[in-house]
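All values derive from a computational prediction rather than experimental measurement. Labels below follow one simple rule: chain letters A, B, ... track the order of the sequence lines, proteins then strands, and each chain is numbered from 1. What's counted below: heavy atoms across the whole structure, side chains too, no hydrogens, waters or symmetry copies.
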Amino acid sequence: MSDRQAMPLQDPKKRAQNFNEVALGYTDEMTLAEASRCLECKNPKCVDGCPVNIDIPGFISCIKAEDFDGAIETIKLTNALPAVCGRVCPQEVQCEELCVLAKKGKPVAIGRLERFCADYEKKRGVTPPVRPESTGKTVAVIGGGPAGLTAAADLAKEGHEVTIYESLHDTGGVLTYGIPEFRLPKAIVKEEVEYIKQLGVDVKVDYVIGKIKTLDELREEFDAVFLGTGAGLPKFMGIEGENLNGVYSANEFLTRVNLMKAYQFPDYDTPIKRGKNVIVVGGGNVAMDAARSALRLGADEVSIVYRRGEDELPARKEEIENAKEEGIVFRLLTNPTRILEGENMTVNGVECIKMELGEPDDSGRRSPVAVEGSEHVIPADIVIIAIGTSPNPMIFSGSEGLKTNSRGTIVVDESGKTSLDNVYAGGDAVTGAATVISAMGAGKVAAKAINEYLSN
Amino acid sequence: MPYQIIEKKEIAPSVHMMKIKAPDVAKAAKAGQFIILRIDETSERVPLTIADFDATEGTVTIIFQEMGKTTKQLAKMSSSDELQDFVGPLGTPADVRELGTVILVGGGVGIAPVYPQVKAYREAGNKVISVIGARNESLLILEDEMRAASDELHVATDDGSKGHHGFVTDVVKNILDSGEKVARIVVIGPPILMKVAAGMTEPYGVETIVSLNPIMIDGTGMCGGCRVSVGGETKFACVDGPEFDAHKVDFNLLMSRLALYRSEESKCQENHDHKCTCRGEH
């Protein structure tokens, strides 16, 4: 068995200074070599690991036959955003984890093959989809992120008239405002959204549901509604100094950089503070994205401050490796206790305390306990809080009867149906902050249920 | 989805009124709310409090002062030009109820967002005393409109060129001292004015409300950039506000956060001026 093909990457020193994509993608030869590693199992497990059930052995066998057109067609049967998924899905805990070759630690690089096929199609020119005959049924999709885009695409394929309402000036949700250009080029997101528009989906941006129209009004106007409003509300730690100048939520920092293109300031008008010593609090993918963005904006030192250990870091392994290669400092088992104030209410360092791991908590992870007397100060002029987000309650204003739980997430049954007739939901608004692909999976499940509901 | 400017005029030196066609926003708008606009692809998202709205006509009016690059660029636009984005109505509407006598105070361009509130408070059955002020007479906006909409109108200018020679807060203090029973005071203007007004009214124990304008991006609670401290608690001005109890607001924090990007703002302006000169636009 040949080795798993390594992904060609931009040189760490160079890439730490630009916002161009880090992973360069497989060549044709690498793709064929990687595809040849697939054993074509009689009972393929990989598909079970895919939230949108891509026919993985099907598209890989097309690649083996050098039929790249057939490969992308196969993927697109169930996945409307392959160029995105091939880049940002955590394949290592999904399809690739269940690959028989994973037992030897070298699963087929399914995600990279998917990316290759999607990029191949873009180079060749995307075939416009055929719009089915209209059923005359209408669906409103709230939120133009991964869940909403997937639900919209699936419903449009069934012939329903779909309108997406997006509150920002651009679609894509977290793909646009959250994930940086160097991990997911925005041109790719735009092209994927264009494809969904070609399916007949009407996209209305600048439209804040809950303010301009209530959910109840939409329920009157449309036959069904899908809520894919995400988890956009940033969490703060509630420690001293958190409102000082120079403290950002990861949402604000990344939105400035990605959506508003502050890294191209002053050609783009939106500014961002470029720190010398930047501390990012948190250990997930968002923390990695914020840290690597701060580095590219010219910081001398960027540290990840995380209260648990290396093994507990929730970010993808690949992204942790990339961050380390670029020179991000990892201060593990460390937790901020207060942010120190300098001149004019600016940040002048972060006081942290050492942690040690105690007994496993509800999530199964060992919970960190502070080591008394281990307080120390890390110099910083910018602090980015990346400890998670929760659903935005704005959508619920003026919508009596939509059941939510104590964490503010929408309660749904297994089909994605909410407590309200003709209203479905999926993605981070239901699960709390999770992954792009799980939101897409939820969008798919709900679209199927909505289609059944509309057909009866 | 561009939004057409259907009327635009300079109503005072460097202060502009702009009426924008945005039927859905106009239909949903209420006094006290704001919009966010973006001129074009490279522009910032700029929050501005709604100065007027007409659901039948489908228009929303904004009033702004030329300050930084974006407002200067906006000032150069004319009717029939289009804004790329116009999002709203955002924020929680003003809590307008029948209370008795209400004093509405507008300072500088702050008079603009006060105007729809004057109308709303009066419609709700209140006696509305309006107090407006500016640095000088030429900068005083909406005087006629405010006079028509209010039961009583008082004017103050810093240089004495019109009305009371001094600040709007002096006028409000006189009204309070006169023994008039006032149920609520609403103050909108520069942060320093709102801070001074809050300090002045506190001993009188009259409920005082201010509308805060911190830096924000999305206006929907997503970025947290607009956080303000109210009564020791962190609030997001975009969704929890923009109106807050003036006696609980930490104005020093507000003012320091508003100054955060001052150096970047001038750099942005320089970059713009430089480009314009290169293209020979001036």
Side-chain angles (χ1 to χ4, degrees), chain A residues 167-170 177-178 203-214 217 229-236 238 242-256 259-262 264-274 343-346 385 389-390 392-395 397, chain B residues 1 3 22 24-25 27-29 33 36-46 68-70 73 84-92 216-229 234 236 239 250 252-253 255-257 259-261 263-265 267-272 274-275:
Chain A
S167 69
L168 290 170
H169 58 253
D170 207 353
Y177 74 74
V203 178
K204 287 195 192 310
V205 295
D206 294 338
Y207 223 92
V208 184
I209 298 302
K211 290 290 176 192
I212 198 160
K213 265 184 195 170
T214 62
E217 283 173 295
T229 45
L233 219 55
K235 286 183 190 158
F236 286 91
E242 234 172 347
N243 289 336
L244 291 173
N245 276 325
V247 182
Y248 287 101
S249 71
N251 260 7
E252 178 180 3
F253 193 82
L254 291 171
T255 301
R256 281 181 183 271
L259 178 72
M260 305 310 295
K261 303 208 175 351
Q264 294 181 53
F265 179 89
D267 289 335
Y268 280 75
D269 295 347
T270 305
I272 192 155
K273 284 287 168 195
R274 293 166 182 247
E343 272 176 36
N344 299 324
M345 291 185 160
T346 54
I385 313 289
T389 53
S390 54
N392 194 330
M394 185 182 281
I395 173 81
S397 62
Chain B
M1 206 181 359
Y3 301 82
D24 291 340
V25 183
K27 208 169 131 196
Q33 290 187 296
I36 285 183
L37 64 80
R38 203 171 68 123
I39 300 174
D40 54 35
E41 196 48 43
T42 59
S43 169
E44 280 187 282
R45 290 170 65 96
V46 180
K69 190 227 159 185
T70 310
Q73 192 184 346
Q84 187 157 325
D85 301 287
F86 194 81
V87 193
L90 298 167
T92 307
M216 56 178 73
I217 305 176
D218 59 290
T220 60
M222 203 188 93
C223 79
C226 67
R227 54 198 193 280
V228 290
S229 177
T234 296
F236 291 176
V239 287
D250 181 344
N252 293 342
L253 179 72
M255 286 188 274
S256 101
R257 289 186 65 88
L260 180 58
Y261 295 106
S263 61
E264 283 82 358
E265 276 160 20
K267 192 171 170 198
C268 188
Q269 181 68 46
E270 277 162 32
N271 181 63
H272 180 70
H274 175 67
K275 266 196 200 157

Verdict with supporting geometry, B:Arg45 and A:Thr255, side-chain contact (heavy atoms from CB on, under 4.5 Å): CA-CA 12 Å; B:Arg45 290 170 65 96; A:Thr255 301; over 6 Å; no
Segment of B:Val25 engaging chain A (4.5 angstrom heavy-atom cut-off): both
Measuring heavy-atom distances to chain B, does A:Phe236 have an atom under 4.5 Å in its side chain, in its backbone, in both, or in neither? side chain
Heavy-atom pair with the smallest gap, counting every atom of A:Pro234 and B:Gly221: CD-O, 3.3 Å
Can you tell me how far the OH atom of B:Tyr3 sits from the CG atom of A:Asp206, to the nearest 0.5 Å? 4.0 Å
For residues A:Tyr177 and B:Asp218, is any side-chain donor paired with an opposing acceptor at under 3.5 Å? no
Minimal heavy-atom distance between B:Asp24 and A:Tyr207, with the atoms involved, is OD2-OH, 2.8 Å
Return the minimal non-hydrogen interatomic distance between B:Cys223 and A:Ser249, and the atom names on each side. O-OG, 2.6 Å
Which pair of non-hydrogen atoms, one from B:Ile217 and one from A:Arg256, has the smallest distance, and what is that distance? CD1-CG, 3.3 Å
Step by step, work out the side-chain contact (heavy atoms from CB on, under 4.5 Å) result for A:Glu252 and B:Cys226. CA-CA 10 Å; A:Glu252 178 180 3; B:Cys226 67; over 6 Å; no
Is A:Lys213 close to chain B through its backbone or its side chain, or both, or neither, when contacts mean heavy atoms under 4.5 Å? neither
Under 4.5 Å heavy-atom distance to chain B, tell me which part of A:Ile385 shows up: side chain, backbone, both or neither. neither
For B:Asn252 and A:Met345, work out which heavy atoms get closest and say how close. O-SD, 3.9 Å
At a heavy-atom distance under 4.5 Å, which candidate from B:Gly68, B:Pro89, B:Ala28 has the highest pair count against chain A? B:Pro89
With heavy-atom distances below 4.5 Å as the criterion, would you say the side chains of A:His169 and B:Val87 are in contact? no
Mind checking side chain to side chain contact (heavy atoms under 4.5 Å, CB included) for A:Asp170 and listing every partner two or more places apart, or none if nothing turns up? A:Thr176, A:Lys190, A:Leu259
Heavy-atom pair count under 4.5 Å with chain A, highest-scoring of B:Glu41, B:Met216, B:Glu44: B:Glu44
Toward chain B, the part of A:Glu242 with a non-hydrogen atom under 4.5 Å: backbone
Can you check whether B:Thr42 reaches A:Gln264 side chain to side chain, under 4.5 Å on heavy atoms? no
Where does A:Leu254 contact chain B at under 4.5 Å (heavy atoms): side chain, backbone, both or neither? neither
Are any side-chain N or O atoms of A:Lys211 and backbone N or O atoms of B:Gly91, one a donor and one an acceptor, separated by less than 3.5 Å? yes
Kindly give the heavy-atom pair with the smallest separation between B:Glu264 and A:Ile272, and that separation in Å. OE2-O, 4.1 Å
If you measure from CG on A:Leu168 to OG1 on B:Thr220, what distance do you get to the nearest 0.5 Å? 6.0 Å
In Å and rounded to the nearest 0.5 Å, what is the CZ to CE distance from B:Arg38 to A:Met260? 6.0 Å
Structural part of A:Asn392 lying under 4.5 Å from a heavy atom of chain B: side chain
Using only atom types and a distance under 3.5 Å, with no angle test, would you say the side chain of B:Arg257 pairs donor to acceptor with the backbone of A:Asn243? yes
Whether A:Asn245 side chain and B:Leu260 backbone form a donor-acceptor pair below 3.5 Å: no
